[in-house]
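Worksheet: the structure to be examined is printed underneath.
Quick caveat, the model's predicted, so the values are computed rather than measured.
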Amino acid sequence: MAFTGFAVPIRNQKIRDSYLGLGENYRALLEPSAVWSSIFSCMGYKPPTVKLPIPPEKIDGQTMTFKPVRDGIDLEVSGVMQVIEDANGFNVNASYIVSQNPPLCRVYWFDQPEIDAIVKLAVKEKRRILIVDDDREITRLVKILLERTGRYSVLEENDATKAHQSAQDFRADLILLDIMMPEADGGEVAAQIEADPELQRTPIIFLTALVTKPETNTGLRIQGHPSLAKPINIPELITGIEENLSAQ
């Protein structure tokens, strides 16, 4: 039977209370890397060596939910990740609670497929949406409703003359753009973005009261970009965002 972890009694009251709450002192429960190596050398066990396609600090110290299946536990548990560098790559573990009476914790070592799944979750960033409209109430409402989905990070820009710079600074994945604005209209802003080598592939969706919903439903495009009629229907907006992001 392969060894994958061991139970550690937690006798120190302060450390135990901290660990049970997964507080910042959780590392007091873990041995330094050199001591780990000595322990495993004596036990004849070598933790899986894995490759990390992202910087270790993206994982190290993060609380993760996982199933320690090789420990014979087919339930989700929460543990704090620790990354240890070795000569050939990294050893990655997480400590999790086995029982609270008596308080015991166990160290689970992740193999490469498990790490690949964890990394995939760790690098899954929210898509950045820039909304440009001089109506602050509209931008605020759209921001709240889009961010409520948990899939987007939204930046509001209410000054059309600053839209190009905002798109550069924010590194927008998609731009929602009003047409009728006092300082500069949406067509001018779109032209600036299309002329920028770093932004020219960024999808733009025009939001405008100049067209009707039946017109936009027929696939009406303005300056080659899709459009949605105001007032904005959020489910339709999300569908439009996803369609244009996937077409990038």
Is it true that [Y] and [X] share a donor-acceptor pair across their side chains at a distance under 3.5 Å?
X: T208; Y: D178; answer: no
X: E194; Y: H225; answer: yes
X: D60; Y: Q82; answer: no
X: Q165; Y: D169; answer: yes

Could you check whether E198 pairs with R171 (Lys NZ or Arg NE/NH1/NH2 to Asp/Glu carboxylate O, under 4.0 Å)?
no

Please check: side-chain N/O of [X] versus main-chain N/O of [Y], any donor-acceptor pairing under 3.5 Å?
X: E157; Y: L130; answer: no
X: N158; Y: D133; answer: yes
X: E156; Y: R140; answer: yes
X: D74; Y: V69; answer: no
X: R151; Y: I238; answer: no
X: D173; Y: R127; answer: no
X: K51; Y: Q112; answer: no
X: E147; Y: V154; answer: yes
X: D71; Y: I73; answer: no

What closest approach, in Å, do [X] and [Y] show between heavy atoms, and which atom pair accounts for it?
X: T65; Y: S78; answer: OG1-OG, 3.6 Å
X: A160; Y: M181; answer: CB-CE, 3.7 Å
X: D111; Y: V50; answer: C-CG1, 3.7 Å
X: P226; Y: I204; answer: CD-O, 3.4 Å
X: V83; Y: P56; answer: CG1-CB, 3.8 Å
X: P68; Y: L75; answer: CD-O, 3.5 Å

Scan I234, I232, L237 and name whichever one has a side-chain contact (heavy atoms from CB on, under 4.5 Å) with L145.
I234

Atom NZ of K230 and atom CG of L207: how far apart are they, to the nearest 0.5 Å?
6.5 Å

One should read off an interatomic distance between E183 CD and E188 CD, to the nearest 0.5 angstrom, of 11.0 Å

Beyond-backbone contact of [X] with [Y], side-chain heavy atoms, under 4.5 angstrom:
X: D86; Y: K46; value: yes
X: V132; Y: D159; value: no
X: L52; Y: I115; value: yes
X: D185; Y: M180; value: no
X: I205; Y: I175; value: no
X: N93; Y: P47; value: no
X: M81; Y: T63; value: no
X: W109; Y: N91; value: yes

Please determine whether side chain to side chain contact (heavy atoms under 4.5 Å, CB included) holds for the pair H164 and L199, giving the CA-CA distance in whole Å, both sets of side-chain angles, and the decisive distance to 0.1 Å.
CA-CA 9 Å; H164 182 206; L199 296 175; 3.7 Å; yes

Take I129 and L155, measure what side chain to side chain contact (heavy atoms under 4.5 Å, CB included) needs, and give me the verdict at the end.
CA-CA 6 Å; I129 309 297; L155 176 68; over 6 Å; no

Qualifying ring-ring contact (aromatic ring centres under 6.0 Å, His included) pairs, either residue in residues 51-77, two or more places apart
F66-Y96, F66-Y108, F66-F110

Should we say atom CD of E57 is surrounded by more than 12 heavy atoms from elsewhere, each under 6.0 Å from it?
yes

Heavy-atom neighbours of K162 NZ exceed 12 at 6.0 Å
no

Between V142 and L176, is a side chain to side chain contact (heavy atoms under 4.5 Å, CB included) present by the stated rule, with each step listed?
CA-CA 10 Å; V142 171; L176 303 175; 4.3 Å; yes

Would V77 and I97 count as a side chain to side chain contact (heavy atoms under 4.5 Å, CB included) here? Give the steps.
CA-CA 8 Å; V77 299; I97 297 297; over 6 Å; no

